[in-house]
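Below: the structure, in C-alpha cells.
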Protein chains: 2
Amino acid sequence: MAQSNPPFMSGVPELLLLRLLDQSDMYGYELVRSIRAATGEAISLGEGVIYPVLHSLERNGSLKSKRKAVSGRTRVYYSLTGKGRQRLGKLQDDWRRIQGGIANALEVPSHA
Amino acid sequence: MAQSNPPFMSGVPELLLLRLLDQSDMYGYELVRSIRAATGEAISLGEGVIYPVLHSLERNGSLKSKRKAVSGRTRVYYSLTGKGRQRLGKLQDDWRRIQGGIANALEVPSHA
DNA sequence: ACACTATACCTAGCAGTTCAAGGTATTCGA
DNA sequence: TCGAATACCTTGAACTGCTAGGTATAGTGT
C-alpha cells in the first residue's frame, strides 16, 4: 500500500503556530509577522503556508476560531483547544528529539 | 514559471552525511548505521535516502568515491573534497540559524 | 479625486524532498 | 542449505511547503 510516514523533519510551521497561539490569540495575517519576529527573522512563512495549516488545525479540533470585525475589516482569531495544547506538547517533544540528535552529530570534534 | 525555493528546512540528510564524512571516509551502507548512532537513534535514514544524496553530491563535486574490494564485497568509499567542506560549512550555518530561530520562539515563557 | 500601499482573507498547482518498497549479488552463521 | 546480514542500487509515490495568483477594504500621499 505504499503508506508513507511524514518526512522526519516536518511540522515546524505547525509547531510555531501552536506555540504563538499558546501565548495569545491571534489572526492569520498577524501570525505571519509574528513568526518572523519570534524567530529573529530566521524563519519567514508566507500566507500560503499559514492559512492552510490554520484551516487543517481547526478541522481536526486543535484550534477554534472567532470572527471579529475591526474597523470594517474582518479578522479571524484563533485560539488553542485542549487537543491543540496536547498537539503542541507532542510537536515540541519531537522537535527537541531530532534537534538534539543533530546537535549530537555536529558536536563531535571535527577531523580538521 | 513557478520556480520554487527549497523548503526552509531541508538538506539535513545532506548535512549529516557531510559531517560524518568530514570525520572519516565511509561507504553508503555504513553511513546508514552511523547516522542512527551519531544522532542517538533520533534520526534514521534509509538507504533510499542515502544513496541518491551520495550520488548527487558526487555529481556536483562535493564528494569523490573510491571502490574498494573487502572480502569479496565491493564497497564504495566516499571522501570530502574542498567543495564539500565548503558546502558543509554553509549547511551548518543554515542549520544553526534556523535552529536558533526556533529555539527563540520556544523559549518565550508559556502562557500557562 | 486618484493611485498606491497595507491590511486581511483565501486557493490552486507545482516543485523539491524524503520515503517505502522493491531488485541484485555476495558472504556468513546456524 | 537456508536465512540473515552486507552492500549496492532505482522507481514511484507521498508529503510538505512555496509561488503566484485572487478578492476586498482601509489608510496615505498627491
Side-chain angles (χ1 to χ4, degrees), chain A residues 1-17 25-36 39 42-60 63 65-78 91 94-95 98 101-102, chain B residues 1-17 25-36 39 42-60 63 65-78 91 94-95 98 101-102:
Chain A
M1 346 152 174
Q3 149 102 26
S4 205
N5 284 332
F8 71 102
M9 264 192 90
S10 60
V12 171
E14 192 185 337
L15 169 59
L16 294 172
L17 281 188
D25 294 4
M26 282 175 143
Y27 56 99
Y29 195 78
E30 190 183 7
L31 280 162
V32 171
R33 288 169 308 184
S34 291
I35 286 181
R36 230 196 325 262
T39 61
I43 296 173
S44 185
L45 301 173
E47 302 172 39
V49 175
I50 299 305
Y51 288 114
V53 174
L54 247 16
H55 297 157
S56 93
L57 283 173
E58 183 173 22
R59 242 176 293 138
N60 80 15
L63 298 179
S65 67
K66 192 169 38 171
R67 313 185 70 81
K68 203 173 280 186
V70 179
S71 68
R73 266 195 212 88
T74 305
R75 292 177 180 169
V76 184
Y77 280 86
Y78 291 91
L91 286 178
D94 287 354
W95 172 252
I98 79 105
I102 294 174
Chain B
M1 36 124 101
Q3 149 105 25
S4 204
N5 285 332
F8 71 101
M9 262 191 92
S10 60
V12 171
E14 191 184 337
L15 169 59
L16 294 173
L17 280 188
D25 293 4
M26 282 176 145
Y27 55 99
Y29 195 77
E30 190 183 7
L31 281 162
V32 172
R33 289 167 309 184
S34 290
I35 287 180
R36 230 196 325 262
T39 62
I43 295 172
S44 184
L45 301 173
E47 303 172 39
V49 175
I50 300 303
Y51 287 114
V53 174
L54 247 16
H55 298 155
S56 95
L57 283 173
E58 183 173 22
R59 241 176 293 137
N60 80 15
L63 298 180
S65 67
K66 191 168 41 172
R67 314 184 70 80
K68 201 172 281 185
V70 178
S71 68
R73 268 196 212 87
T74 305
R75 291 177 181 169
V76 184
Y77 280 86
Y78 291 91
L91 286 179
D94 287 353
W95 171 253
I98 79 105
I102 294 175

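Throughout, protein chains are lettered first and strands after them, A, B, ... in sequence-line order, and every chain is numbered starting at 1. Since this is a predicted model, take the numbers as computed values, not measurements.
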How long is the straight-line distance from CG of A/L15 back to CH2 of A/W95, given to the nearest 0.5 Å?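 Taking CH2 in A/W95 and CG in A/L15, the distance rounds to 8.0 Å.
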
Please enumerate all residues that pass ring-ring contact (aromatic ring centres under 6.0 Å, His included) together with A/Y51, with sequence neighbours excluded.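 Checked A/Y51 against ring-ring contact (aromatic ring centres under 6.0 Å, His included); zero matches.
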
Run the ring-ring contact (aromatic ring centres under 6.0 Å, His included) test against A/Y29 and tell me which residues pass, sequence neighbours left out.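 ring-ring contact (aromatic ring centres under 6.0 Å, His included) check on A/Y29 returns nothing, list empty.
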
With sequence neighbours left out, what residues match A/S44 under side-chain hydrogen bond (donor to acceptor under 3.5 Å, both in side chains)?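 Expected list: A/R36.
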
Can you list everything that forms a side-chain hydrogen bond (donor to acceptor under 3.5 Å, both in side chains) with B/E14? Sequence neighbours excluded, please.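 By the side-chain hydrogen bond (donor to acceptor under 3.5 Å, both in side chains) rule, B/E14 matches B/R87.
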
[N] [atom2] sits how many Å from [X] [atom1], rounded?
X     : N      : atom1 : atom2 : answer
B/D94 : C/dT17 : CG    : P     : 13 Å
B/L57 : C/dT18 : CG    : P     : 11 Å
A/E14 : D/dG17 : CD    : C1'   : 13 Å
B/M9  : C/dA15 : CE    : C1'   : 18 Å
B/L16 : C/dT18 : CG    : P     : 10 Å
B/I35 : C/dC19 : CD1   : P     : 11 Å
A/F8  : C/dG16 : CZ    : C1'   : 14 Å
B/R59 : D/dT10 : CZ    : C1'   : 12 Å

Scan nucleotides 5-11 of chain C nucleotide by nucleotide, 5' to 3', and note B when protein non-hydrogen atoms come under 4.0 Å of the base, S if they reach only the sugar-phosphate, - if neither. -BBBBBB

Does A/V76 have any side-chain contact (heavy atoms from CB on, under 4.5 Å) partners at least two apart in sequence or in another chain, and if so, which?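 Scan of A/V76 (side-chain contact (heavy atoms from CB on, under 4.5 Å), adjacent residues dropped) gives A/S65, A/R67, A/Y78.
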
If you pin A/S71 and A/G46 to their nearest nucleotides in DNA chain D, which one's is more 5'?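 In this pair, the answer is A/G46.
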
Taking only side-chain N and O atoms of A/N5, does any of them lie within less than 4.0 angstrom of OP1 or OP2 on C/dA20?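 Answer is yes, contact under 4.0 Å.
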
